[in-house]
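These notes concern the structure reproduced below.
Bear in mind the structure is a predicted one, so any value in this text is a computation, not a measurement. Each chain gets a letter, A, B and so on, in the order its sequence line appears, and its residues count up from 1.
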Amino acid sequence: MKKLIPLFICFIFINSLYSKQLYVVTTTEDLKSITEFIGKQKVKVESLSYGWQDPHSVDALPSMIVKLSKADMLVKIGLDLDMWVDGLILASRNKNITYGAVGYVDASVGITRLEVPTGKIDASMGDIHIYGNPHYWLDPENGKIIAKNILDGLCRLFPEDKEYFEKNYKEFVDELTKRIDYWKQRLKKYEGKNFVTYHKTFSYFAKRFNINIVATVEPKPGIPPSSAYLKTLVETIKKENVLCILHENFYPLKTSQSVAKQTNIKVVVLPTSVGGVKEVKDYFSLFDYIVTKIDEANENKNN
Amino acid sequence: MKKFIILFTLLISLNIFAQEFKEEKMTQQTPPPGMRGIVPNLPDISVIGDFHYKLSTDKEDNTKDKLVIEEIETSFQGYLYPDIRADVFLAMHKHDEHVEPEICEAKVSFQKLIHNLSLEVGKIHVNFGKLNKIHQHHRNFYDQPLVLTNFFGEHGLVAEGVNFSYVLPLPLFLQIDLGFWNIPLHYHDEEQQHNEFSLVNKTYTNKIWMSVPIKTSELEIGLNSLFSNGPHYQEHKDEVKIFGIDLTFRSFFTRNRKFLFTTEVYKLLRDLEDSSKERFGYFVFTNYKFNKYDSVGLRYDDAEEVVEGLRTNSLSAIYTRSLTETTALRAQYTYFFDNPKGVHQLVFQLVFGIGPHSHLLE
């Protein structure tokens, strides 16, 4: 009986710790990673999509409804990237995470958006997002804005732990600032150099690190290239002295490889999210991986 | 010279509308569907088109060798009140040589009544089986599986009434649907009335829908039952019961690859005044999406028809090329083993969408 009492106390203690945890659901693994930095052991976070999936087109599954129905907070990318979650929110019947509710966090609030269409748009321009390019998490400076939105959400739901979350947020921002300086140093030699990407995923990344994206393998967002377009792309690559093709790892590789072969440059296959490859386990290692791969591919070409 | 000036002015004015992109700070949350109209009080408005061209060895098929505008659907979606949403889908359908307007679906959804209970009221694609809820233009093939046509009618199971839906608070997804419906007799002409089967009057449906995630895959199981009157209830007092099971397995891989297997099996029992009849039917569909744009599928259909002893079965091979998230080109080859016997059919389909038309979970 004496042995059972400490065990029981231990159980109560662990249970009380867990019962205080906020359950947060995110649409992507990048948001999950940042939420874990801010919430640490006071949050349990699950992502609805995998980092190796194309975030534009994730299948809405019934199991996601179960996660959302239990969620205290939802963090989404917004800007129409993860529209697939909107139907799931309704199906979850969870009022805490509906648009405008205290547990609804749109991580894009406060982001300076790139490529915002100014005129009338339609599908002749490809899969244009009306709120602009949604791949903003690939600028690590935007990671700070995402973190601030998450911090605000956590503080709304758990005001008694505000100080704890703010301390974690500050640590995250400080660490990110240091790392941004390091990544900038590593990519300094590529400033002003020209790159090609498959989709317009790396616009924010390129702007932050002062590299130029002179063309995309897709002629327009979401539209596969024709042979005529590829011919002009090959000419552009040669003319603009492009260093390499940055290829998002969920798009078909064959076309990028064919263009690279014709122009004698390399294709750098890159994840765009945490979990995109097994080495990328958090938001920091995502940029470590991207920066390292770009550097490795261009070691002898940067002059 | 005047012509040139006009042309020049026209070119200049066109240039004014050329697309430009800018940087802009995001100051608000991205509005979800139902709140996306640019003018703040407009609902979301969309248009869906479904065109096809059919080649067939069936000499009696009068829809072959011509372009058919199968359907043009417009949708209006928006909120009426916090947590109360309206979705209206109006369609122009092709019925033989005629185009007829139709309320495809018009419903008001009370998203949360109490706890996890929600309610839909109106004319609704009933949540029965896996495919019935999904509008035809969103499906992975151009035609409706034969079992749905033979058992529920040309448009599937579409009824006017109410549907209660409850998600049980369990670690796994388990939803129970109960529907109370009134189905008006839906025939476009007298000949159709004799050849086709339809459910009429008061109808009750229920579905138990559960889902089990397995690593990067998901298995869904649905158990369905329906109680209704047959098309000749007034003369023969025919009562109809339908029992069905649907299974869907989806698996996801890297590089946008996806595998789908789905099947629906139904048994229909029809009690007449002095006798009873049974019918059985099913379809099996498997689809593999091998990159962002392309997918291939196979479907096998087998369903008994309303005319006793008549059975239709066919095998289809389907290739789909997705141009954008809302527009697709499709080629579907079908071989009919029976009724019509030995017929080869090839259909080319174009499905397109303009606007933010979206459906809830499918």
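- The parts of P224(A) that come within reach of chain B are both its backbone and its side chain, each placing non-hydrogen atoms under 4.5 angstrom from that chain.
- Here the CG-CH2 distance, from N256(B) to W52(A), works out to 10.0 Å after rounding to the nearest 0.5 Å.
- No more than 12 heavy atoms of other residues, nucleotides or ligands sit less than 6.0 Å from atom CD1 of I114(B).
- Considering every non-hydrogen atom in both N249(A) and R255(B), the closest pair reads O-NH1, 3.1 Å.
- Only the backbone of L117(B) comes within contact range of chain A, with at least one heavy atom under 4.5 Å from a heavy atom of that chain.
- Between K207(A) and E23(B), at least one side-chain nitrogen of the basic residue sits less than 4.0 Å from a carboxylate oxygen of the acidic one, meeting the salt-bridge criterion.
- With rounding to the nearest 0.5 angstrom, the CD1 atom of I223(A) is 7.0 Å from the CG atom of L323(B).
- Residue contact with chain B, scored on non-hydrogen atoms closer than 4.5 Å, is absent for S69(A).
- Contacts between T327(B) and chain A at a heavy-atom distance below 4.5 Å are absent for every atom of the residue.
- In terms of non-hydrogen atom pairs under 4.5 Å with chain B, the most contact-rich of G110(A), P252(A), G78(A) is G110(A).
- Annotation: K293(A), atom NZ; neighbour count of heavy atoms from other residues, nucleotides and ligands within 6.0 Å does not exceed 12.
- Of the inter-residue distances, the one linking T254(B) atom OG1 with D54(A) atom CG reads 12.5 Å to the nearest 0.5 angstrom.
- For a residue to count as touching a neighbouring chain, one of its non-hydrogen atoms must lie under 4.5 Å from one of that chain's; by this rule P82(B) does not touch chain A.
- Neither the backbone nor the side chain of L174(B) comes within less than 4.5 Å of any heavy atom of chain A.
- In this structure, the portion of Y50(A) lying under 4.5 Å from any heavy atom of chain B is its side chain and not its backbone.
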Margin query: One pair to check against side-chain contact (heavy atoms from CB on, under 4.5 Å): Q111(B) and T98(A). What are the steps and the verdict?
Written below: CA-CA 11 Å; Q111(B) 285 155 6; T98(A) 50; 6.0 Å; no
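- Neither the backbone nor the side chain of S322(B) comes within contact range of chain A; no heavy atom of the residue lies under 4.5 Å from a heavy atom of that chain.
- In this structure, the portions of E115(A) lying under 4.5 Å from any heavy atom of chain B include both its backbone and its side chain.
- Using a distance-only test at 3.5 Å, with no hydrogens or angles considered, no donor-acceptor pair links the side chain of E220(B) to the main chain of P62(A).
- Using a 4.5 Å cut-off on side-chain heavy atoms (C-beta onward), R85(B) and L90(A) make contact.
- For the atom pair F252(B) CZ and L61(A) CG, the distance stands at 4.5 Å (nearest 0.5 Å).
- Most heavy-atom pairs under 4.5 Å with chain A: of the set Q175(B), M210(B), H115(B), K258(B), this distinction falls to K258(B).
- The main-chain N or O of K112(B) is never found under 3.5 Å from a side-chain atom of R93(A) such that the two would form a donor-acceptor pair.
- The contact between K95(A) and chain B is made by backbone and side chain atoms together, counting heavy-atom distances below 4.5 Å.
- With a 4.5 Å cut-off on non-hydrogen atoms, F352(B) does not touch chain A at all.
- The shortest heavy-atom contact between S63(A) and S211(B) is N-OG, 3.9 Å.
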